[in-house]
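Let me begin by presenting the structure, written as structure tokens, before commenting on it.
Only heavy atoms go into these numbers, but all of them, side chains included; no hydrogens, no water, no symmetry mates. Predicted model, so just to flag it, every value in this text is computed and none were measured.
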Amino acid sequence: MLIYEISSEGRSATAQYEACELENSELPTAQLRVSPIGLPAVSELQVVRHYTGLSKKNFSIDGEFYPLGSCTMKYNPRGALAGAHMPGFLARHPLAPENVSQGYLSCLYDLQEYLKDVTGMRAVSLTPMAGAQGEFAGVAMIRAYHDKAGDSERTEILIPNAAHGTNPATAVMCGYTVREVPVTKEGDVDVDALKAAVGPQTAGLMMTNPSTCGVFERKIQEIAEIVHDAGGLLYYDGANLNAILGKVKPGDMGFDVMHMNLHKTFATPHGGGGPGAGPVGVGKRLEPFVPTPIVGKRSTNGEDEYYWMSDKDIPDTIGNLSAFMGNAGILLRAFAYARLLGNQGMHRVGEYATLNANYMATKMAAAGFKLAYPNRRATHEFVVSMSQEAKELNVNAMDFAKRLLDYGYHAPTTYFPLLVPEALLIEPTETESKEELDGFIEAMTQILQEAKETPELVRSAPITTPVKRLDDVKAARELNLAWKAAD
Amino acid sequence: MLIYEISSEGRSATAQYEACELENSELPTAQLRVSPIGLPAVSELQVVRHYTGLSKKNFSIDGEFYPLGSCTMKYNPRGALAGAHMPGFLARHPLAPENVSQGYLSCLYDLQEYLKDVTGMRAVSLTPMAGAQGEFAGVAMIRAYHDKAGDSERTEILIPNAAHGTNPATAVMCGYTVREVPVTKEGDVDVDALKAAVGPQTAGLMMTNPSTCGVFERKIQEIAEIVHDAGGLLYYDGANLNAILGKVKPGDMGFDVMHMNLHKTFATPHGGGGPGAGPVGVGKRLEPFVPTPIVGKRSTNGEDEYYWMSDKDIPDTIGNLSAFMGNAGILLRAFAYARLLGNQGMHRVGEYATLNANYMATKMAAAGFKLAYPNRRATHEFVVSMSQEAKELNVNAMDFAKRLLDYGYHAPTTYFPLLVPEALLIEPTETESKEELDGFIEAMTQILQEAKETPELVRSAPITTPVKRLDDVKAARELNLAWKAAD
Amino acid sequence: MPFVPHTSQDEELMLDAIGVESIEDLFDEIPPALRAGVLANTPAGISEQALLRLMSDRSKKDEVDLCFIGAGAYQHHIPSAVWDLVTRGEFMTAYTPYQAEASQGTLQLIYEFQTMITRLTAMEVANASVYDGASALAEAILMAVRANRKSKSRNVLVPGNLHPSYLSTCRNILHNQKINLQVIPYDQQSGCIKQEDLQAFEGEDFAALVIQYPNFFGGLEMADELTTWAHSQGQLVIGVVNPTALALLAPPGTWGDTGADIVVGEGQPLGIPVASGGPYLGFMCCKQAIVRQMPGRIIGKTLDLDGKVGFALTLQAREQHIRRAKATSNICTNQGLLVTAATIYMSLIGDQGLRSIASQSHNGTVQLIGKALEIKGITRRFTSPVFHEVVLELPCRASQVLQQMCTQGILGGYDLGQMDAALENCILVNVTETKTPQDIEDFITSLRAAVEVAAC
Amino acid sequence: MPFVPHTSQDEELMLDAIGVESIEDLFDEIPPALRAGVLANTPAGISEQALLRLMSDRSKKDEVDLCFIGAGAYQHHIPSAVWDLVTRGEFMTAYTPYQAEASQGTLQLIYEFQTMITRLTAMEVANASVYDGASALAEAILMAVRANRKSKSRNVLVPGNLHPSYLSTCRNILHNQKINLQVIPYDQQSGCIKQEDLQAFEGEDFAALVIQYPNFFGGLEMADELTTWAHSQGQLVIGVVNPTALALLAPPGTWGDTGADIVVGEGQPLGIPVASGGPYLGFMCCKQAIVRQMPGRIIGKTLDLDGKVGFALTLQAREQHIRRAKATSNICTNQGLLVTAATIYMSLIGDQGLRSIASQSHNGTVQLIGKALEIKGITRRFTSPVFHEVVLELPCRASQVLQQMCTQGILGGYDLGQMDAALENCILVNVTETKTPQDIEDFITSLRAAVEVAAC
Ligand SMILES: Cc1ncc(COP(=O)(O)O)c(C=O)c1O
Ligand SMILES: Cc1ncc(COP(=O)(O)O)c(C=O)c1O
């Protein structure tokens with residue numbers, strides 16, 4: 001039932017506004033709205049009941065184990081939410097003067113410092129609103145760097161074929177063409193192919209390490225050298241930072257620029273699709289180009305004073321990327337999370353995320369599943385290929401994924417990375433207990449059994465969810481994107 | 001799965017405390033605890049997931065229509081919660097001095113005034129912590145009144161047999177014996193029987209009007225006269241105040257004392273069993289005896305000043321009934337609710353609660369159900385008797401109630417009032433929409449059909465809930481009230 | 001019309017169905033003379049926006065910087081997760097779990113609560129809460145009088161250092177049932193009940209002895225000795241305990257020869273804000289043998305038709321809705337939502353957490369005492385060891401000093417002169433883990449200055 | 001270890017299963033030279049209690065009494081129910097609804113959001129949000145360039161009274177794709193774009209015209225005329241609208257001849273706190289004919305295997321995770337939770353509510369203008385009618401006046417000198433329904449005094 005279907009003209013949540021008509025209006029009559037607005041007409045109880053009911057139709061971290069590879073679905077501390085929701089922060093206008101913004105600015109400044117520390121970068125700008133916008137900022141800086149150097153022939157960005165879709169899409173947003181670099185059977189970038197691909201047209205290489213194959217790129221130093229020698233820069237996609245938090249710094253690996261997904265590594269909740277925050281960190285070469293605003297600190301009469309740095313302070317900046325300053329509230333949460341963890345806690349993130357993934361990989365291999373990279377250490381995630389099951393049992397990765405829902409587990413990421421056939425990318429994160437991991441492995445084992453004995457059951461899964469498998473073709477063909485009374 | 005069953009020694013939500021040992025302790029060694037405390041050892045995520053999961057196993061107003069007669073399960077405005085949870089209120093210590101308590105005290109004072117207004121009483125004390133404690137306070141005042149008058153022969157409280165169990169239990173708590181007064185077939189108190197029952201031993205009569213039969217006691221003025229003439233006092237059980245809010249004032253009906261269930265009429269949520277607030281209102285006779293503390297107001301230098309009135313101001317008070325001052329937070333919510341509604345809104349409560357109940361009663365009668373009082377107007381609730389179904393179809397009131405759960409509706413109150421066989425006491429409240437009422441009636445109609453066609457289905461209901469019908473006998477016989485590792 | 005969803009069309013259809021002209025007609029059984037007019041002293045309704053502004057303004061008047069008052073209500077850190085979960089509609093807007101199948105969330109949670117509370121107190125069984133600590137004690141005394149088979153007495157011994165509001169609450173609730181509370185004077189030096197003081201009552205018939213631990217002055221009673229003595233006299237023992245203290249101190253189930261028989265206490269320190277005194281929760285435990293005398297709701301574990309574990313209200317035959325005039329108590333609505341908070345709190349805090357919090361509270365108290373005693377003229381009123389609360393004697397009227405401290409935004413403690421004129425120079429000061437060393441420093445500075453200003 | 005549940009026994013069992021000695025061994029593929037040491041510039045972890053005290057202290061530094069700044073972020077009343085529901089774990093801690101069967105809650109909600117937004121704007125289709133209003137405009141311009149079949153131009157006309165941060169955001173995002181924004185100067189008298197000003201651009205090839213409504217100065221553009229003109233030139237029309245304003249004003253779907261083609265805006269006024277600028281949400285609508293050029297997630301209604309209605313992500317072939325380098329945009333994570341807030345807000349507020357709020361905001365603005373103009377030396381900078389925001393010209397530097405007002409806890413408006421030195425005496429002032437008559441009075445008193453102090 002849609003909210004519109006319980007709507008009834010004349011009904012309204014009257015406590016939520018003071019009934020009011022225009023007085024002495026200066027609005028031109030010709031410009032007045034004549035049609036109804038068309039929002040639902042419902043009571044407060046109806047709204048509360050309706051959305052409480054809808055919420056129950058979602059899986060979530062608070063409800064279920066959610067081993068969605070590349071997405072780092074870990075516990076979102078409620079304390080971080082409480083910190084960000086302090087009344088003084090919620091009511092602060094984005095354009096409030098600096099003298100009544102010292103609380104907020106100091107949190108942002110501190111966060112910049114922590115992020116520099118964990119990434120090994122020289123400067124951090126917090127402004128990008130998600131990973132993809134961080135990527136944009138990063139590649140735009142690469143471009144600004146080459147442009148400033150008059151190096152206008154560099155038109156190409158290299159991207160391993162295992163990469164996330166945002167990488168090539170971003171390169172195009174920055175006016176580059178994309179050249180894919182193959183990945184070896186072991187999940188590493190093919191260095192020979194890379195050597196063959198670089199050249200004077202190379203603006204840079206975008207990659208993540210650990211890669212989306214769930215393995216650490218062992219030749220990263222050599223790769224960095226190859227790209228740098230060719231005059232290109234190295235972009236680090238920080239979506240997988242959770243794997244190495246406190247263990248390795250992208251700056252030390254030779255990366256010139258990176259983004260972080262705070263909504264992943266820094267545990268800010270994903271909100272059913274966002275919001276996120278995708279700060280960018282830069283090394284020496286790109287420092288002059290960081291997006292604005294960033295927060296500076298100076299000492300005035302012995303007191304710390306925080307202030308906005310803008311184009312005046314950073315003349316070569318690629319500029320601002322949002323109306324104000326990114327997803328401020330998410331940054332406050334990440335600050336809170338960083339404080340709760342502290343330096344020791346951050347070390348443990350990478351450690352236990354890795355422990356959990358390797359444990360699961362080992363156990364799943366023992367249970368008869370095929371690891372895509374059996375000779376490699378898993379990092380914080382690992383890839384299982386269901387191609388054998390698909391071939392022999394006619395039960396594919398998606399079927400397993402859907403059947404997991406019936407067992408009360410969210411499905412892993414399916415069919416990504418693209419280069420592994422029938423891929424399941426599994427990321428348990430450090431906040432899940434051994435019991436939870438064992439439960440998942442047990443479920444997978446049972447589903448495998450089902451796939452052998454009653455494959456139809458698995459293929460028609462899920463059966464316990466609010467709806468069964470949906471007709472995606474119909475959705476796309478008979479586009480229905482907004483409700484009409486006739487529906 | 002119990003929280004203990006996911007507990008694992010050594011696990012802990014470490015962000016929630018700073019690890020600390022005793023230093024320079026002055027605690028005597030002999031008194032130190034040697035055994036473990038025995039709380040669960042779980043992570044923060046486990047706790048959040050566990051209790052999120054448990055919550056989903058509850059019906060609630062936010063989730064379902066909940067027509068539980070006598071309980072007034074209506075919408076609990078979220079704004080009232082927000083008002084009561086203001087940081088200054090949450091952090092206020094109950095013993096904070098008056099000069100830093102003016103905000104809180106002013107809310108309580110105002111609430112006292114509003115409650116006096118809607119009840120027609122002369123004074124209100126907010127301190128009782130629920131209806132039953134309000135009853136206690138009320139009857140204790142009746143006793144104090146007679147004692148003060150030296151009228152020590154009055155040892156009996158009269159109570160109609162339709163009354164709620166707290167009424168007789170309370171009379172006993174106050175050292176009285178209980179004499180029941182019958183109710184006529186029409187749901188009124190049997191006036192002749194009452195006349196026969198009153199006497200010099202009568203301390204008072206406790207009743208609610210509308211009664212738990214869902215009808216208005218038409219002869220209330222006569223009843224009051226009879227009791228008063230006999231030297232007794234009249235106690236009004238305000239659990240059903242919702243029916244007449246803004247329409248009739250108990251004070252005008254002749255009652256000397258009453259309690260209100262703010263957690264019913266004033267929409268403070270019921271919390272899975274409480275908390276409540278059961279303020280008492282009193283007329284002239286009992287004013288000297290009101291329980292402390294209550295809030296007074298005086299003017300100092302032209303400024304309103306609120307202060308606590310205690311035994312010094314009210315020498316004949318029956319005294320305090322809790323460590324501090326009742327369920328303060330619930331009182332703040334009721335204040336908020338009263339402000340949101342205002343005088344007009346309060347009138348509407350009684351009106352629409354009554355409209356909804358009468359509509360449902362009419363429709364259910366039309367659908368073939370037997371009203372217990374078919375010749376009466378329903379008030380805010382009404383009684384259906386399922387005795388015919390029980391006899392003819394062997395499907396009883398409880399079976400209907402349980403089957404309703406499968407239809408997504410909470411069951412009405414069953415087997416109460418006791419004098420109606422196979423009773424269902426149905427109270428829709430004013431905050432439910434016609435659609436919701438129609439849905440319920442439709443469900444009842446279908447269940448009736450089921451009872452005829454597949455009675456076994458109804459008798460084995462519910463089938464969609466987390467558990468099926470529970471073995472109450474086993475629960476009482478093999479008492480298991482706390483988990484042990486062996487369980 | 002806030003919260004009333006009826007459209008005028010709905011209203012018409014409904015009136016038609018009923019067969020009346022107007023809503024007014026539905027009130028036709030009410031004698032016209034009784035019909036009320038407008039509510040003259042109730043203001044018009046306001047919007048939620050206006051309400052929140054009003055309440056925000058009022059609440060700000062009550063804000064202080066630091067509060068060192070305890071006296072039965074203690075400020076502890078409450079994990080954010082606690083109330084985020086408690087205020088989920090499914091917990092907050094459910095009724096009493098009478099329909100077990102539709103209330104397994106609340107029922108299982110209370111069963112977990114009962115388990116946690118029995119473990120914390122080392123008792124056998126617990127109920128699902130009563131109103132607050134004070135009324136819990138009143139219920140416990142009634143229960144003891146019913147349960148004590150060795151005694152027919154309606155007399156009960158209570159300590160003179162019992163929380164004064166607990167004492168008066170009990171008196172007010174119990175006197176109509178002719179239960180008499182005999183107060184044992186506390187030792188003026190230690191502030192505790194001494195065994196010698198009990199000799200006066202030896203041989204007399206009392207149904208029970210009440211022990212508050214720590215007592216109102218924060219001091220630690222000799223609970224073992226008192227328990228053994230009471231049992232030797234045929235009395236039941238009722239412990240009134242602070243749950244945080246039990247993290248470090250011997251739980252009542254282990255006191256003396258066979259442990260306390262009934263244990264009650266204020267659950268507020270377990271995740272509930274001080275919030276002007278309520279809603280809190282009174283917890284209540286006892287030995288299994290007397291469980292049928294315990295009032296209040298009790299949840300039991302059982303099985304459903306399919307043999308699946310489930311939870312349900314049990315022993316309901318003790319309660320008013322079944323037993324009416326013969327019930328163990330008139331209590332009906334209790335403090336369910338606060339039980340939810342306390343259960344989630346205890347889960348999050350765990351053994352290690354509660355021990356740490358108790359230790360931090362004790363350490364801070366010891367620290368504060370040490371520093372306070374350096375101020376000229378300030379002494380410790382009683383000699384007994386304390387947990388997280390202490391009585392300081394000032395060289396002048398406590399009320400003056402506290403008033404002075406209050407102007408600096410510090411509530412320095414509870415003025416004991418309100419309880420007993422003989423203690424008018426005394427304050428009862430509490431320190432919990434919420435107070436940093438700097439907070440204690442600020443307290444001391446303010447206290448020192450206030451004592452000086454009071455010029456004594 | 002906050003948030004890591006592993007006991008030492010778990011850890012041992014797991015390491016055993018893997019067949020390594022220690023967690024360190026799991027990092028053996030990382031070149032040792034790359035291994036990081038301690039994080040020297042990150043402090044040690046603190047407890048939640050300490051964190052909340054720290055953040056509370058910091059947040060208090062930022063509190064003011066009254067804020068009259070708007071300029072793209074507007075303080076409105078937010079019903080308490082909104083965030084109580086939004087912060088339910090099931091909404092807040094879910095991922096993007098890739099597994100539709102396990103995400104019907106979020107999916108249906110977004111479908112409802114799309115419906116509400118299309119109705120509010122009178123457009124045919126909407127997406128599930130992009131980052132914010134400014135980036136939404138950048139995406140809209142890219143979309144227009146792709147979608148306009150009549151034009152091959154990468155030039156787009158934007159008004160000079162566009163929100164300056166929107167303009168710079170668009171420039172920064174678009175210039176790498178060689179998209180050129182041609183600014184139309186606004187009329188110095190009215191503050192609006194006049195049709196005469198457009199003549200200069202007639203005949204030139206532009207892919208689209210952007211109209212901000214109300215414009216940055218709060219003024220109402222002649223949207224009908226501008227739309228018709230742009231269409232006559234073969235341009236698409238992109239509306240940038242304030243959703244509250246649309247309660248009273250003609251929605252873009254009805255502008256001019258055939259309505260705007262693409263509409264974007266900042267969704268913040270719909271239930272989202274101003275909160276330092278984010279997270280907000282950019283909404284985005286268009287005509288059905290060009291829906292395949294719209295970036296971002298889109299939810300469609302469909303049926304499941306049993307023929308039951310359900311909702312799913314649709315047209316995913318436009319998105320980066322499928323289309324990679326050929327995607328309509330690189331956007332992935334969007335502002336889902338804010339969509340949740342906006343949807344619940346719009347449900348609660350409804351037509352009547354939004355109209356009332358808009359009326360109250362407009363009435364308050366007119367009131368404030370009237371009173372401000374009574375202050376000597378203050379004039380209205382532009383003549384065009386405004387909705388809920390106005391430019392006042394002061395007799396002195398705005399920055400001075402605003403600073404002075406700020407010392408009284410009032411943020412008096414946005415200093416337009418920051419945008420354009422020619423406007424250094426001008427402030428942009430916003431009034432919403434959150435401002436009572438008394439607030440407006442306080443503003444006026446403070447402004448009057450500040451203007452006097454500034455001694456101009
Ligand atoms: C590897 C990788 N890179 C980039 C991104 C894009 O980040 P965002 O979704 O925050 O824009 C993701 C997100 O799923 C990712 O997994
Ligand atoms: C008629 C009636 N009286 C009294 C009470 C007791 O009120 P409380 O539960 O608040 O103690 C109730 C509660 O169910 C009731 O319905």
Looking at every heavy atom in both [X] and [Y], which two are closest together, and how far apart are they?
| X | Y | answer |
| --- | --- | --- |
| C/His6 | B/Glu430 | CE1-O, 3.6 Å |
| C/Met14 | B/Asn356 | CE-OD1, 3.1 Å |
| B/Cys20 | C/Ser356 | N-OG, 3.1 Å |
| B/Gly79 | C/Leu52 | O-CD2, 3.5 Å |
| C/Thr118 | B/Ala482 | OG1-CB, 3.8 Å |
| B/Leu481 | C/Tyr111 | C-CE1, 3.5 Å |

Heavy atoms, side chains only, cut-off 4.5 Å: are [X] and [Y] in contact?
| X | Y | answer |
| --- | --- | --- |
| B/Leu54 | C/Thr106 | no |
| B/Asn76 | C/Met92 | no |
| B/Leu39 | C/Ile349 | no |
| B/Ser433 | C/Asp10 | no |
| C/Leu34 | B/Lys249 | no |

Atom group of [X] that falls short of 4.5 Å from chain B, counting heavy atoms:
| X | result |
| --- | --- |
| C/Arg297 | side chain |
| C/Leu246 | both |
| C/Thr254 | neither |
| C/Tyr414 | side chain |
| C/Val4 | both |
| C/Val309 | backbone |
| C/Ala17 | both |
| C/Lys178 | side chain |
| C/Leu303 | both |
| C/Ile23 | side chain |
| C/Gln360 | both |
| C/Leu120 | both |
| C/Gln288 | side chain |
| C/Thr314 | side chain |

For residues 338-346 of chain B, please give each side-chain donor-acceptor pair under 3.5 Å, one per line with the distance, not counting sequence neighbours.
unit_1, atom_1, unit_2, atom_2, d
B/Asn343, ND2, C/Thr42, O, 2.9

With chain B, which of [options] has the greatest number of heavy-atom pairs at distances under 4.5 Å?
| options | answer |
| --- | --- |
| C/Ile322, C/Leu109, C/Val291 | C/Leu109 |
| C/Met346, C/Gln403, C/Gln352, C/Glu63 | C/Gln352 |
| C/Asn41, C/Val64, C/Ile331, C/Ile298 | C/Asn41 |

Between [Y] and [X], is there a side-chain donor-acceptor contact under 3.5 Å, judged purely by atom types and distance?
| X | Y | result |
| --- | --- | --- |
| B/Gln16 | C/His77 | yes |
| B/Tyr17 | C/Glu433 | no |
| B/Tyr51 | C/Gln108 | no |
| C/Asp224 | B/Gln31 | no |

Can we say [X] and [Y] salt-bridge, meaning some charged N sits less than 4.0 Å from an Asp/Glu carboxylate O?
| X | Y | value |
| --- | --- | --- |
| B/Arg469 | C/Glu101 | no |
| B/Arg377 | C/Asp28 | yes |
| C/Glu29 | B/Arg376 | yes |

Item to check | Counterpart residues, side-chain hydrogen bond (donor to acceptor under 3.5 Å, both in side chains), relative to C/Ser168 (two or more places apart) | outcome: B/Asn320
Among [options], which residue has the highest count of heavy-atom pairs closer than 4.5 Å to chain C?
| options | answer |
| --- | --- |
| B/Tyr114, B/Tyr4, B/Phe416 | B/Tyr4 |
| B/Glu44, B/Glu26, B/Glu113 | B/Glu26 |
| B/Ala96, B/Pro275, B/Gly329, B/Pro269 | B/Pro275 |
| B/Val48, B/Leu355, B/Asp472, B/Ile318 | B/Leu355 |
| B/Ala130, B/Pro291, B/Pro97, B/Ser322 | B/Ser322 |
| B/Ser460, B/Gly273, B/Pro168 | B/Gly273 |

So what's closer than 4.5 Å to chain C heavy atoms on [X]: side chain, backbone, both or neither?
| X | value |
| --- | --- |
| B/Thr362 | side chain |
| B/Gln221 | side chain |
| B/Tyr66 | side chain |
| B/Lys116 | neither |
| B/Ala140 | both |

Checklist entry - Of C/Ser276, C/Ser59, C/Cys67, C/Pro273, which is the lone residue that meets side chain to side chain contact (heavy atoms under 4.5 Å, CB included) with B/Arg92? => result C/Ser276
Checklist entry - Between B/His270 and C/Tyr95, what is the ring plane arrangement, given parallel below 30°, perpendicular above 60°, and tilted in between? => result tilted
